[in-house]
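Here is the structure we will look at, set down as structure tokens.
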Number of protein chains: 2
Amino acid sequence: MNSELSIDVVNKIKTLKSDSGTHSPSIDTILNECPELKIGVDACFLSNPYATDLFMKCLHEDLIDNNKLRDVLEFYPPQNREVAKYISKAINVDYKKIFVGNGAIEIIQGILHNFVAKKICIISPTFSSYYEFVKDDIEIVYFPLLKEEEYLLDPKKYVDFIKKEKPDTIAIINPNNPNGGYLKQEDFLYILSSLREVTNVIIDESFIHFAYEDIELSQITSEELTDTYSNLIIVKSMSKDFGIAGLRAGYAVMNADKVDKLLKNGYLWNVSGLTNYFFKVYSEKEFIDKYDIERKKYIMNTLMFLNELKNIPGIKVYPSRANFALVEIENGMTSFDFTISLLIKYGIYVRDCSDKIGLDGQFVRIASRSFEENLLIIKAMKELLCEK
Amino acid sequence: MNSELSIDVVNKIKTLKSDSGTHSPSIDTILNECPELKIGVDACFLSNPYATDLFMKCLHEDLIDNNKLRDVLEFYPPQNREVAKYISKAINVDYKKIFVGNGAIEIIQGILHNFVAKKICIISPTFSSYYEFVKDDIEIVYFPLLKEEEYLLDPKKYVDFIKKEKPDTIAIINPNNPNGGYLKQEDFLYILSSLREVTNVIIDESFIHFAYEDIELSQITSEELTDTYSNLIIVKSMSKDFGIAGLRAGYAVMNADKVDKLLKNGYLWNVSGLTNYFFKVYSEKEFIDKYDIERKKYIMNTLMFLNELKNIPGIKVYPSRANFALVEIENGMTSFDFTISLLIKYGIYVRDCSDKIGLDGQFVRIASRSFEENLLIIKAMKELLCEK
């Protein structure tokens, strides 16, 4: 099969991948270098496309159709605390406890650089910035998720590990990236109440809108727990659930003293005028009601996608309550060959996980996209894996 | 006159101003709190409106009219180094020496938090973030610009001061904010060659596109000096000259090792998809040729504005080669009363400088805007100052 692939494209992708560190090069970057490629489905990208539709509709009505976009691009956006007031209205938390970020990634950087004292515990595998952004003089200890436990977090084992290792900071992504493993609220509360002595408990809920615990698919929120647990820091990306990664929008809820510390010498105008507009819309009930319909539609879509994936031979799909699946290639193909074949032959871009610390085998991460795109992914994977 | 002003609005503005620290609350923030106000001219805001016109035209042609905006908002932007390649093309500097910032303010924060070792010299008066963002354990020494020297920097005195004080980092804004005082290239080179022992020489050229040394109004560029002076860090906001403050875009040129250090544990996706689009346009000669026409038109506009300001009685206008003027109110009015009167009676918003360290008297900073807006400012100021 490799003979069919353009060696040139393969080499270019290898270089781009190596230049991007432990992240995937963006589609924009790939197409700049390989204009001969046709990418139809970006299943590397973890985002609800129906929410993007909704946001684009609002943007057209509020700013584009009436020529108000210029004001948003020309003038300085409000300062951090002013933007926080919109979020405060949306999530019903005092704005003094809200730190607004230029994407969750800026918040992760800010927390790691300002609050970690000596030692941090990171779960493995997880989103690489949580260990890569840690400063050189900080010790990192990894809590390994095990293949034989399907990479799910065992709360009891985790608490015992933290009590033994005594890090000042711990970080959990819930649901976790790259596997989508979900920690139930009950288990999350057990961890919180058991680990009051930890100075910073970071919970990254960037994918929480895709998780659910009841058949109504009700949205799970933990922000109010920051009142009871002053060590809790909730990090929230808006990129995934609202489908606006290009906008750069995120926030964190934490103790007001911590927000003061961050704003004392930085983060003055750290979000754009368009991001401020997004948070304004986010604070409006009418928008959130519409959003919740798109959220549930996408969750059901994803459920069907995960079920279909599980029926494809030659792969194993790990349990996920996020909008993606961790897939192990078990037919002898490498994850790089699988990824590049899907890209070149089918124009489908998935995440090769060969660079992920803590995964033992050939893994890719595949995002759920629109209903139609998910069908294309399923068809292409069936063809690719059965052809071999 | 005060009886005519709404006490309620005055009090709200006082509170907003106090909440905004040493910056002005944005128009958005003011209008949220005081919807009864009509702000027609934002002369607090230092930006070329003709450049905004040009950018909006490109944005419509490239992204809005053909429905490509969605891609820019939905997908992740390229990583820092990829965006740097566009800037590299525009300014002809190796991309490894370019750090892309979410506005110059993020770069200032990054430099101050990562490179300053023990002691920094700040010029006074200057842009407040240069001292406010400095970490607690760093010593700040101020080089005062003197009223009797019209707040202009004396290169010889400055070099002597630095040689005596021995800071590891120095910062100069050229032209300086809030007065617009300009340091000629000849003097800048004298400072650079005299202070090779300083570890970090920060030159903030956020207003340099408004300065000129010849009658062709040629653009002044210093980026190539970073090859000769490895301690030189040039900081560049795009907000002012390109009229896109809401977008958040800036860059810095510095030693490649320093860029590596910043990117090692942060700043991964720190600019938005729209900012990436801006830098792409910025790298295109066709755009820059058009921009240069708008730049020169605005400089001539500003020259006329500054000349007219100088003819108004009761004020003193300090020398400026930027797109604004530092104005001292000499008729007994306070800068707050002047600012609030212009705002409430004429809908013109200027910068009250009463919070600026290093200014001795009643000062406001007034931006040059479009030709028509500048006329409104001049007329309003004449009326206000003659009425007294």
Side-chain angles (χ1 to χ4, degrees), chain A residues 19-21 23-29 32 42 45 47 49 52-53 55-56 59 64 69-79 81-82 85 102-103 105-106 108-110 112-113 129 132-136 239 243-248 264-276, chain B residues 19-21 23-29 32 42 45 47 49 52-53 55-56 59 64 69-79 81-82 85 102-103 105-106 108-110 112-113 129 132-136 239 243-248 264-276:
Chain A
D19 288 351
S20 303
H23 301 276
S24 302
S26 75
I27 284 210
D28 202 34
T29 304
N32 267 352
D42 186 356
F45 175 47
S47 160
T52 315
D53 292 342
F55 177 70
M56 289 308 294
L59 187 68
I64 294 178
L69 182 62
R70 183 195 164 112
D71 286 354
V72 172
L73 303 183
E74 183 178 18
F75 296 115
Y76 272 85
Q79 293 184 18
R81 282 212 194 275
E82 290 302 315
K85 287 177 185 170
N102 185 44
I105 195 102
E106 183 186 46
I108 296 169
Q109 180 181 339
L112 295 178
H113 289 195
S129 295
E132 289 179 344
F133 282 12
V134 169
K135 292 215 160 190
D136 289 343
S239 298
I244 49 162
L247 214 56
R248 314 311 297 127
K264 187 177 176 242
N265 52 24
Y267 306 105
L268 192 61
W269 295 295
N270 64 331
V271 296
S272 71
L274 264 188
T275 299
N276 177 56
Chain B
D19 288 351
S20 303
H23 301 276
S24 303
S26 74
I27 283 210
D28 203 34
T29 304
N32 266 352
D42 186 357
F45 174 48
S47 161
T52 316
D53 291 342
F55 177 70
M56 289 308 294
L59 186 68
I64 295 178
L69 182 63
R70 183 194 165 112
D71 285 356
V72 173
L73 303 183
E74 182 178 18
F75 296 114
Y76 272 85
Q79 293 183 18
R81 282 211 193 277
E82 289 303 316
K85 288 177 186 169
N102 185 44
I105 195 104
E106 183 185 46
I108 296 170
Q109 181 181 338
L112 295 179
H113 289 193
S129 294
E132 289 179 344
F133 282 11
V134 169
K135 292 216 160 189
D136 289 342
S239 298
I244 49 161
L247 214 56
R248 314 310 298 127
K264 187 177 177 243
N265 53 24
Y267 306 104
L268 193 60
W269 296 295
N270 64 331
V271 296
S272 71
L274 263 188
T275 298
N276 178 56

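Chain letters run A, B, ... following the sequence lines, proteins first and then strands; every chain starts at 1.
- Using a 4.5 Å cut-off between heavy atoms, B/I105 contacts chain A through its side chain alone, with no backbone atom that close.
- Using a 4.5 Å cut-off between heavy atoms, B/I244 touches chain A through backbone and side chain atoms alike.
- The most heavy-atom pairs under 4.5 Å with chain B, out of A/A245, A/P49, A/S272, come from A/A245.
- Chosen from A/G110, A/S47, A/G103, A/P77, the residue pairing most often with chain B at heavy-atom distances under 4.5 Å is A/P77.
- When heavy atoms are compared at a cutoff of 4.5 Å, A/L59 approaches chain B solely by way of its side chain, counted from C-beta outward.
- Contacts between B/S129 and chain A at a heavy-atom distance below 4.5 Å involve the side chain alone, from C-beta outward.
- Of the atoms belonging to A/L73, heavy atoms from both backbone and side chain fall under 4.5 Å from chain B.
- For A/F75, the parts sitting under 4.5 Å from any heavy atom of chain B are the backbone and the side chain alike.
- At a 4.5 Å heavy-atom cutoff, B/D71 makes no contact with chain A through either its backbone or its side chain.
- Using a 4.5 Å cut-off between heavy atoms, A/S239 touches chain B through its side chain atoms alone.
- Ranking B/L268, B/V72, B/L247 against chain A, the residue ahead of the rest is B/L268, based on heavy-atom pairs under 4.5 Å.
- Interface remark: A/Y267 contributes backbone and side-chain atoms alike to the contact with chain B (heavy atom separation under 4.5 Å).
- Neither the backbone nor the side chain of B/P25 comes within less than 4.5 Å of any heavy atom of chain A.
- The contact between B/E132 and chain A is made entirely by backbone atoms, counting heavy-atom distances below 4.5 Å.
- When the candidates A/K135, A/E106, A/K264, A/H113 are compared by the number of heavy-atom contacts under 4.5 Å with chain B, A/H113 comes out ahead.
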